[in-house]
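What follows is a single structure, written as structure tokens, with notes after it.
Just so you know, ligand 1 is whichever comes first in the structure, and atom 1 is the first atom listed for that ligand.
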Amino acid sequence: SSPDSEVGTPELEKAGLLNKTKIAEGGRKLRKNWSPSWVVLVGNSLVFFKDPKSQTPSSWKPGNSRPESSVDLRGAHLNWANELSSKKNVFKLRTVTGNEFLLQSENDIIIKEWYDTLKNVIDKLDRE
Ligand code: I3S
């Protein structure tokens, strides 16, 4: 194995553009406000960036822009949640701290890839 993997560089990484709205903060319901977000999976964290227009998957680098917020996936729950929106392809991510996000893509394959990837990370953390 490479030296990087021995010092714990995250194995699973993914980045892309999804529609996002936060629907709860610390268990308190929030009003929906959908907007496009550049979403990056780094290790155990899901990091959200604003200004997705200036980003593309190939050009994005960690130092390019300041994260809007970050979610710790340890202990998080992930569920398809099409009943929570009129949009298609919606899932809900709930953190241990009671923050809830809906994430959505018009593209069936993209949203499935995100769901499966996040599920894998969360399940792996559950087994640690
Ligand atoms: O679940 P809701 O309340 O019907 O969500 C819709 C509203 O938040 C709406 O905003 P205002 O009611 O503040 O104008 C949004 O524009 C919609 O996008 C929300 O519904 P969807 O079905 O798109 O998640």
Side-chain angles (χ1 to χ4, degrees):
S1 63
S2 70
D4 273 359
S5 68
E6 285 156 25
V7 297
T9 299
E11 298 155 32
L12 285 167
E13 289 198 11
K14 188 170 176 58
L17 193 59
L18 294 175
N19 293 314
K20 181 191 70 139
T21 183
K22 194 175 187 179
I23 59 166
E25 165 88 41
R28 289 185 58 158
K29 196 167 181 282
L30 296 174
R31 187 166 189 176
K32 272 185 193 165
N33 184 20
W34 286 102
S35 61
S37 181
W38 185 251
V39 183
V40 181
L41 175 65
V42 185
N44 302 342
S45 294
L46 196 62
V47 187
F48 301 121
F49 293 82
K50 280 182 177 169
D51 195 18
K53 288 195 197 78
S54 66
Q55 316 280 358
T56 65
S58 54
S59 75
W60 185 84
K61 301 201 178 51
N64 268 6
S65 58
R66 192 179 312 140
E68 179 191 17
S69 62
S70 170
V71 167
D72 184 359
L73 294 172
R74 191 178 292 276
H77 287 252
L78 188 70
N79 296 99
W80 290 111
N82 287 310
E83 77 283 4
L84 295 182
S85 177
S86 62
K87 302 181 193 302
K88 69 171 192 174
N89 298 337
V90 176
F91 63 72
K92 182 173 83 171
L93 179 66
R94 177 163 57 85
T95 68
V96 282
T97 56
N99 294 340
E100 298 186 3
F101 300 86
L102 300 183
L103 294 168
Q104 188 265 349
S105 172
E106 289 299 310
N107 184 300
D108 300 0
I109 294 167
I110 286 173
I111 201 69
K112 178 79 161 56
E113 284 175 356
W114 272 105
Y115 183 89
D116 290 346
T117 302
L118 291 174
K119 199 81 174 173
N120 281 338
V121 172
I122 292 167
D123 287 351
K124 192 188 80 177
L125 291 169
D126 281 346
R127 292 193 301 268
E128 283 180 5

- request: Starting from atom 18 (O) of ligand 1, find the nearest protein heavy-atom neighbour and note its residue, name and distance.
  value: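 Looking at atom 18 (O) of ligand 1, the protein heavy atom closest to it is Trp34 CD1, 3.3 Å.
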- prompt: Of all the non-hydrogen atoms in the protein, which one sits nearest to atom 21 (P) of ligand 1, and at what distance?
  reply: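 Nearest protein contact, heavy atoms only, for atom 21 (P) of ligand 1 is Ser85 OG, 3.4 Å.
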Could you check whether [atom] has a protein contact, counting only heavy atoms that fall below 4.0 angstrom?
atom	result
atom 9 (C) of ligand 1	no
atom 13 (O) of ligand 1	yes
atom 2 (P) of ligand 1	yes

message: Please check this pair: side chain of Asn99 against backbone of Gly26, looking for a donor-acceptor N/O pair closer than 3.5 Å.
response: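 Yes: the side chain of Asn99 pairs with the backbone of Gly26.
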- request: Output yes when a side-chain donor or acceptor of Thr21 lies under 3.5 Å from a complementary backbone atom of Asn33, and no otherwise.
  value: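 Side chain of Thr21 to backbone of Asn33: a pair is present.
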- request: For a side chain to side chain contact (heavy atoms under 4.5 Å, CB included) with Ser69, tell me which candidate from Lys20, Lys22, Lys50 qualifies.
  value: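 The option that passes is Lys20.
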message: For atom 24 (O) of ligand 1, tell me which residue out of Lys32, Arg31, Gln104 has the closest non-hydrogen atom.
response: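 Shortest heavy-atom distance from atom 24 (O) of ligand 1: Lys32.
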- request: Output the list of atoms in ligand 1 that are nearer than 4.0 Å to some heavy atom of Lys87, sorted by atom number.
  value: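 This gives 23 (O) as the contact atoms.
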Sub-4.0 Å atoms of ligand 1 with respect to non-hydrogen atoms of Ser86: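 Going through ligand 1 atom by atom, the ones under 4.0 Å from Ser86 are 21 (P), 22 (O), 23 (O).
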message: Ignoring hydrogens, what is the shortest heavy-atom contact between Ala76 and Leu93? Give both atom names and the distance.
response: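 Smallest interatomic distance, heavy atoms only, reads CB-CD1, 4.0 Å.
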task: Name the orientation class of the two ring planes belonging to Tyr115 and Trp80 (parallel below 30°, tilted from 30 to 60°, perpendicular beyond 60°).
output: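 Aromatic pair Tyr115/Trp80 classed parallel.
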- request: Say whether Asp108 and Asn89, considering side chains only, have a donor N or O and an acceptor N or O under 3.5 Å apart.
  value: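 Looking only at side-chain atoms, Asn89 and Asp108 do form a donor-acceptor pair, the distance falling under 3.5 Å.
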